Participant: 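I am attaching a structure below and will ask some questions about it afterwards.
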Amino acid sequence: MSEMFCFQCEQTVGGKGCTRVGVCGKSPEVAQLQDEITAALITLARALDGQPADPKMEALFMDALFMTITNVNFDPEANAAMRDRILEAAVAAGGANTYRPEDLFHGDTDIVSLRSTLLFGMRGMAAYAAHARVLGHTDPEVSAWFQKGMKALGEDHTIEGWLDLIMEFGMVNLACMKLLDAANTGAYGHPEPTRVSVTRHKGPFIIVTGHDLRDLKMLLEQSEGQGVNIYTHGEMLPATAYPELKKHAHFRGHFGTAWQNQQKEFADLPGVVLYTTNCIMPPRPSYIQHLVTTGEVGWPGVPHIAADEAGHKDFSGIIQQALELGGWTEEVPGDYELTTGFGHHTVLSVADKVLAAVESGQLRHIFLVGGCDGAKLGRDYYTEFVEKAPQDTLVLTLACGKFRFNHLQDRMGDIGGIPRLLDMGQCNDAYSAIHVALALAEKLNCGVNDLPLSLVLSWYEQKAVCILLTLLALGIKNIRLGPTLPAFVSPTVLNVLVEKFGLTPISTPEEDLKALAG
Ligand code: SF4
Ligand code: SF3
């Protein structure tokens, strides 16, 4: 008998499922607890039975789902405490109708596939909703959908019924990404094109990784004038482009690349790393003492900074620790610079220039090459794709997959003053890409599928799942997806995706470039 079953991310064993221990490091104990959390949420949603939930209850759905995303929380105690909180809430709501965790992934293959697709998409959306909520932004439709979706997961539906739910979810996730965009830009201004140094400066430092801008802002404020430099890592890179964040003089730049390289990049680090979301990997002994988690992230034995009732977090302990560690002893200049900050506000400000370049033939095609990064070798495809994209094409990018090629930015040149590689931000900034595509289609009076635009996406975890479902719900066709297709997509479901949406696995960069841009 297998000890666990999880197939929610791209690195799952043999492309089928982790059954002994997670490739990510998830133990059977935590896998079981996370299934129990999921089942408890279904029980709670049944107990609430569509009754409007109060903000605390809404937050519980978001936080619990967020916690079960790949590479977020590996701490059995934190997971057990979350399960108990949900079950207590279910009992308080009069819930006796329990849902068994073992039913989540049992049953007819196609139904398991569809149920899993919706569940994993909801986990991704929960993270975005949670980031927006801590900035004071909620949307009643988005908040209520967690309850609706979890209740639906515990019910039987036909294949068509599941597909309808999944498409409805895709549109709700669009509203959620819009909400987070409003929250981030409302609090910190519109991202502006920003050159980002990768130089390591002499002195104490804290590296901030993950996606939560509010955590970064609180740390920047508390560390101001303390003699500690702050750097981003992984998905936090685009934070360097927000006016209200970049204004802090001790916010010095970016360190390292994407999440899957952390064990190498953090080895013997003389500073502190703050994890605000995924992706945390099993920490190595050389740096585990230098880590701290916050929000939904957890690793057994790693200190966790929780928010107080007002949402305030006290980072004084890690500022002190960074000072004691002393940081880098000399400056190590970076051998390249990165540029980020091409959100919808900036890109749309040059929309007429883009359209004029299309009309004059200077710009033949736009590719969106984005998504999650990961450890598999096949991911060189994305580097090669961007390297080989013809000179008269633009590449938009977002999420941590950009670390496969963003160091090439300066070498790629520009088209009429528009850089050929535009970093639009974090994975949630897929909203920016969608916003730009819809606006360009409107200006040209055509559909999004008629634009000279192709999407070449990489996936790893469940945020990529919710974004993909939004793109499909918007009717966007012929998306290329890699490095491999999700294990939870059954042959029947894949057929629907291929026939209805033209979803295609990546092949080779040459073949795909030819097929997409001629
Ligand atoms: Fe395996 Fe991915 Fe699940 Fe981790 S999250 S147990 S790697 S499928
Ligand atoms: Fe990356 Fe984990 Fe998905 Fe936000 S940080 S995109 S993998």
Side-chain angles (χ1 to χ4, degrees), residues 2-35 38 66-74 79 104-105 116 119-121 123-128 130-131 177 180 184 208-213 232-239 256-262 275-282 295-297 369-376 379 382 397-404 406 423-431 433 457-468 483-484 486-488:
S2 60
E3 294 172 58
M4 62 181 275
F5 180 73
C6 181
F7 64 168
Q8 69 171 346
C9 85
E10 178 263 339
Q11 66 180 352
T12 195
V13 170
K16 289 193 162 63
C18 296
T19 54
R20 292 176 59 81
V21 66
V23 175
C24 59
K26 185 156 76 177
S27 64
E29 182 188 9
V30 169
Q32 172 65 25
L33 287 165
Q34 296 197 338
D35 286 352
T38 310
F66 186 175
M67 197 170 186
T68 60
I69 290 178
T70 302
N71 291 341
V72 174
N73 202 306
F74 295 84
N79 280 281
L104 282 168
F105 305 113
S116 302
L119 169 62
F120 300 156
R123 287 178 175 172
M125 180 167 87
Y128 297 152
H131 292 308
M177 288 196 289
L180 181 53
N184 284 339
V208 187
T209 190
H211 303 69
D212 196 287
L213 301 190
T232 56
H233 176 265
E235 273 283 76
M236 200 53 95
L237 164 65
T257 53
W259 67 272
Q260 77 279 1
N261 300 322
Q262 65 191 262
Y275 286 84
T276 68
T277 57
N278 50 337
C279 290
I280 185 169
M281 293 177 81
E296 302 318 318
V297 194
V369 188
C372 304
D373 207 351
K376 289 219 183 117
R379 288 178 180 265
Y382 297 95
T397 190
L398 49 88
C400 59
K402 65 168 150 274
F403 286 103
R404 292 274 158 179
N406 62 352
D423 177 8
M424 304 191 88
Q426 299 178 333
C427 47
N428 41 285
D429 295 310
Y431 174 73
L457 305 182
S458 54
W459 88 284
Y460 167 67
E461 36 82 343
Q462 299 76 53
K463 296 180 191 182
V465 176
C466 69
I467 293 170
L468 182 66
T484 49
F488 55 86

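Counting convention: from 1, in listed order, for ligands and their atoms alike. These figures come from a predicted structure and were not determined experimentally.
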Participant: With a 4.5 Å heavy-atom cut-off, do Phe66 and His131 have their side chains touching?
Facilitator: yes
Participant: Could you label the plane-to-plane angle of the Phe7 and Phe488 rings as parallel, tilted or perpendicular, counting under 30° as parallel and over 60° as perpendicular?
Facilitator: perpendicular
Participant: Taking only residues two or more places apart in sequence or in another chain, which ones pass side-chain hydrogen bond (donor to acceptor under 3.5 Å, both in side chains) with Thr397?
Facilitator: none
Participant: Closest heavy-atom contact between Pro486 and Trp459?
Facilitator: CA-CZ2, 3.4 Å
Participant: Side-chain atoms of residues 20-29: list all donor-acceptor pairs with protein atoms under 3.5 Å, sequence neighbours left out, distances to 0.1 Å.
Facilitator:
residue : atom : partner : partner atom : Å
Lys26   : NZ   : Gln34   : OE1          : 3.4
Ser27   : OG   : Val30   : N            : 3.1

Participant: Give the contacting part of Glu10 toward ligand 1: side chain, backbone, both or neither, where contact means a heavy-atom distance below 4.0 Å.
Facilitator: neither
Participant: Ligand 2 versus Gln426, non-hydrogen atoms closer than 4.0 Å: side chain, backbone, both, neither?
Facilitator: neither
Participant: Using a strict cut-off of 4.0 Å, indicate which atoms of ligand 1 neighbour a heavy atom of Phe7.
Facilitator: 8 (S)
Participant: Could you tell me whether the side chain of Thr12 and the main chain of Cys18 form a donor-acceptor pair under 3.5 Å?
Facilitator: yes
Participant: Does at least one non-hydrogen atom of Glu461 fall below 4.0 angstrom from an atom of ligand 1?
Facilitator: no
Participant: Could you go through Leu180 and Asp429, starting from their C-alpha distance and side-chain angles, then the distance that decides it, and tell me whether this counts as side chain to side chain contact (heavy atoms under 4.5 Å, CB included)?
Facilitator: CA-CA 9 Å; Leu180 181 53; Asp429 295 310; over 6 Å; no
Participant: At a cut-off of 2.8 Å, list the protein N/O/S atoms near atom 4 (Fe) of ligand 1, residue plus atom name.
Facilitator: Cys24 SG
Participant: Quick one: name the protein N/O/S atoms under 2.8 Å from atom 1 (Fe) of ligand 2, chain by chain.
Facilitator: Cys400 SG
Participant: Closer than 4.0 Å to some heavy atom of His211 - which atoms of ligand 2 meet that?
Facilitator: 4 (Fe), 5 (S)
Participant: Taking the side chain from Thr70 and the backbone from Glu461, do they hold a donor-acceptor pair closer than 3.5 Å?
Facilitator: no
Participant: For the side chain of Gln262 and the backbone of Met281, is there at least one donor-acceptor N/O pair under 3.5 Å apart?
Facilitator: yes
Participant: Under the criterion side chain to side chain donor-acceptor pair (under 3.5 Å), I'd like the reasoning laid out for Arg123 against Thr38: C-alpha separation, chi angles, the key distance, then a yes or no.
Facilitator: CA-CA 10 Å; Arg123 287 178 175 172; Thr38 310; 2.9 Å; yes
Participant: Hey, which atoms in ligand 1 end up nearer than 4.0 Å to a heavy atom of Met4?
Facilitator: 6 (S)
Participant: Does a salt bridge link Glu235 with Lys463, judged by any charged N lying under 4.0 Å from a carboxylate O?
Facilitator: no
Participant: With a 6.0 Å cut-off on ring centres, are Tyr275 and His211 close enough?
Facilitator: no
